[in-house]
Amino acid sequence: MEASFEITLQMVLTVIAGISAQVIAEYLQVPSIVFLLLFGILLGPDGLSVLHPNQLGTGLEVMVALCVAIILFEGGLNLELKEMGKVSGSLRNLVTLGTLITLLGGGMAAHWLGEFPWPIAFLYASLVVVTGPTVISPLLKQVQVDRQVATLLEGEGVLIDPVGAILAVVVLDTIVNADTDPLEAFIGLIVRVGIGGGIGVAGGWLLGLILKRAKFLSEDLKNLVVLAGLWGLFGLAQTIRSESGLMATVMAGIVLGAASIPEERLLRRFKGQLTIFSVSVLFILLSADLSIASVFALGWGSLFTVLALMFIVRPINIGLCTLNSGLNWRQKLFLCWIAPRGIVSASVASLFAIFLTQYGINGGDSIKALVFLTIMMTVFFQGLTARWVAAWLRINPQNATGAVIIGCSPLSRLIARLFQERGESVVLIDTDPEACKIAEQENLRVFLSSGLDMEVLEEAGLASMGTFVAMTNNGEVNLVLAQRAAEEFRPPRVLAVFPQANMATNNTKVHQAFIPQLSVKNWNQYLSEGQVKLGKTTLREDGLAFQQAHLQALIRAGELVPLLFEREQLFQVVPAAEEWQPGDEIIYLLHDPRPKLLKRLSGGSPSSRLALEKLPEVEEVPISAVGVGVGELNVENAVQPPVSG
């Protein structure tokens, strides 16, 4: 009775410590694994010595297996197949070629720098080929990055975990059975992946069918049916071939997630809660079981091994696997930096330490210590600096560049040209063949299609663009197009030209473009007839109020429309409700209604290419504004542009 109470107390302490670590991490907005590791070590034998995971015996192995199955299933359930399709080539390379590169590079680093024997060095490398979804997913929630990078990191974390775990088992089997044929070991790897994948796909489809057809099941019971099902698939796969269960759980999660089951949101929420609980318990127990003395005993060589893994092996991995991916150097550099190891590395390393000891092979404790050193260094250095690195590289969604513009009107083409001249990607979409032909003649990329065609928007690259603008002549159509784009692709800036500001009150993701009640038709006519000037002005700290009042007066008079502005090196379309700041450079169109003959006499031409210039009509603050307060500014005088001629 006393022994059972001791184990009960151990579990109670574990759960309290794990959830406390999650709460503190949530409050401080840092990866939870940081506090899970700290709390586990603090409560373990090398700390306060109140938590002793070895009292659980083989129960610890059972908990590790079942909890990891839940974690990987939830990771597969949350993978977006449509997003993965956009980076499928790079993702495939990371899971295959990337695994091989990390295995070889990590093994060589552990042997030459850490002075481990070759077999143990490659066993270590097989344990750290994985990047944990339990670390990546919370990290990406806190550090917003563009969708391509996020999808690659999440996909790699989920898909490479079972592959890495199976690879580690194959390497361990090769060490234990020294006479194992390498070809036989490779076949064993493929067989495990195949069996696990096949069982997972079939099981995920069956679970989806049950959830759709079994109308009599309550929502709570459906969640438990899925839990029982995933553990059943895990057990079946393990029974047929050892270590194939993890692949089965991942594939089951992916298939079930793509099955469009009813009340999917509740299932994801339930599985997410189970995953947080599982991660909390496992990390506390495994880190409490870690000997700090064994980590320090590794020496400087092991520290250099981890550094080589982070700064040499990972960049080579990313460089080769994303060679023809279309990712820019900023995105690749962020991928190089973010590769934290997680629960799968920790759990498998803990189990292998036990197995090696049972077989009388030295190095089990050292392997476990080196894996935990890798986890700690990657999580602390990469996890805690991810937000700063993303901001420095400007790869968060708000800093995404480029634009997709619906409509090939003269105004749309002008804005597209301005983006293009800045070296940014821009795509025009229109259903009018003549308008598209004119855009092509101006060397603009254009699609002859509807803005409602999601495949065309995907081909146009909206997923990685910073801005979507709908600016056809129909305001209602523009709003519908913008709402669909915001829902399907979630670009950071979604704008549309529509007549009334309150039309988008139910969708805060869509903003009114340029100015309220912009007449696209009128400004297109002005452009076609050459009755405009293209100007730019920079807002100054001194006299900012007068500048703003002057610009607003010109806007209200229908003489000026702001198109784009640059702030902190980010080029953006002007939202109607934007609050301008000192230092903003604003690009605008100014209506110039002088007769065409007068323009020709003064050297202008209606058909000449518009060039950016500083226009005195805007740059010169009216004399009547000098010496009066902002509230006293004479708007009637402010809107009168000086007539030259």
Side-chain angles (χ1 to χ4, degrees), residues 146 394 396-430 439 444-446 451 457 460-473 475 477-479 481-486 489-499 501 503-504 507-520 523-524 527 532 534-539 551-552 555 560-581 583-590 610 612:
D146 69 58
R394 302 180 67 85
N396 57 50
Q398 297 305 317
N399 288 327
T401 60
V404 171
I405 302 173
I406 307 299
C408 283
S409 66
L411 186 58
S412 301
R413 298 198 304 271
L414 173 63
I415 292 173
R417 176 168 68 83
L418 293 170
F419 268 103
Q420 195 175 67
E421 289 174 353
R422 287 290 302 260
E424 298 190 14
S425 299
V426 62
V427 177
L428 293 165
I429 300 175
D430 203 323
L444 296 170
R445 189 180 173 206
V446 60
L457 292 177
L462 182 55
S464 59
M465 294 286 195
T467 303
F468 175 90
V469 190
M471 45 189 303
T472 70
N473 288 328
V477 170
N478 290 338
L479 188 56
L481 292 170
Q483 288 172 340
R484 283 290 302 277
F489 293 91
R490 299 190 297 275
R493 293 173 293 281
V494 181
L495 301 102
V497 176
F498 49 88
M503 289 177 65
N507 192 334
T508 56
K509 295 180 181 178
V510 178
H511 300 281
Q512 198 169 30
F514 312 122
I515 60 174
Q517 300 181 348
L518 172 70
S519 175
V520 176
W523 283 95
N524 280 327
L527 277 164
V532 291
L534 184 63
K536 64 177 179 180
T537 186
T538 302
L539 299 185
L551 288 170
Q552 291 299 329
I555 291 171
L560 181 145
V561 56
L563 301 178
L564 304 160
F565 74 103
E566 182 179 7
R567 178 183 298 162
E568 297 178 354
Q569 299 182 339
L570 187 62
F571 204 50
Q572 304 179 51
V573 174
V574 173
E578 182 64 33
E579 293 184 6
W580 294 338
Q581 302 174 11
D584 288 352
E585 183 177 87
I586 300 169
I587 296 176
Y588 57 85
L589 274 180
L590 184 70
L610 286 172
L612 274 171

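Every heavy atom of this structure was used, including side-chain atoms; hydrogens, water molecules and symmetry mates were not.
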[Y] side chain reached by [X] side chain, heavy atoms, under 4.5 Å:
X	Y	result
Phe419	Ile415	yes
Arg493	Leu570	yes
Ile429	Val404	yes
Met471	Leu518	no

Looking at residues at least two apart in the chain, or sitting in another chain, which of them share a side-chain contact (heavy atoms from CB on, under 4.5 Å) with [X]?
X	answer
Val446	Cys408, Leu428, Cys436, Ala439, Glu440
Ala496	Ala470, Asn478, Ala482, Phe498, Val510
Ser409	Leu411, Ser412, Asn524
Val574	Pro562, Phe565, Trp580

Which residues satisfy the salt bridge (Lys or Arg N to Asp or Glu O under 4.0 Å) test with Glu579, sequence neighbours excluded?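 Listed in chain order: nothing, the list is empty.
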Qualifying residues under salt bridge (Lys or Arg N to Asp or Glu O under 4.0 Å), relative to Arg484, sequence neighbours excluded: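 For Arg484 there are no salt bridge (Lys or Arg N to Asp or Glu O under 4.0 Å) partners, ignoring immediate neighbours.
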Show, in sequence, the C-alpha distance, side-chain angles and deciding distance for Ile555 and Val561, and conclude whether the side-chain contact (heavy atoms from CB on, under 4.5 Å) test is met. CA-CA 6 Å; Ile555 291 171; Val561 56; over 6 Å; no
Going by side chain to side chain donor-acceptor pair (under 3.5 Å), name the residues that satisfy it together with [X], two or more places apart in sequence or in a different chain.
X	answer
Ser425	none
Glu578	Arg567
Arg422	Glu566

In Å, rounded to the nearest 0.5 Å, how long is the span from [atom1] of [X] to [atom2] of [Y]?
X	Y	atom1	atom2	answer
Gln552	Ile515	CD	CD1	9.5 Å
His511	Leu495	NE2	CG	7.0 Å
Leu589	Leu564	CG	CG	9.5 Å
Ile405	Asp430	CD1	CG	11.5 Å
Arg490	Lys509	CZ	NZ	7.0 Å
Lys536	Tyr588	NZ	OH	10.5 Å

Taking the six-membered ring for Trp and the full ring for Phe, Tyr or His, determine whether the centres of Phe468 and Phe489 are under 6.0 Å apart.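 Aromatic pair excluded; centres sit 6.0 Å or further apart.
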Return the minimal non-hydrogen interatomic distance between [X] and [Y], and the atom names on each side.
X	Y	value
Leu462	Ala485	CD2-CB, 4.0 Å
Ala513	Val497	CB-CG2, 4.1 Å
Pro491	Met465	CB-O, 4.1 Å

Yes or no on side-chain contact (heavy atoms from CB on, under 4.5 Å) for Phe514 and Val520, after CA distance, side-chain angles and deciding distance? CA-CA 10 Å; Phe514 312 122; Val520 176; over 6 Å; no
Verdict with reasoning, Leu551 to Ile586, per side-chain contact (heavy atoms from CB on, under 4.5 Å): CA-CA 10 Å; Leu551 288 170; Ile586 300 169; 4.2 Å; yes
Step by step, would you call Arg413 with Leu444 a side-chain contact (heavy atoms from CB on, under 4.5 Å)? CA-CA 8 Å; Arg413 298 198 304 271; Leu444 296 170; 4.1 Å; yes
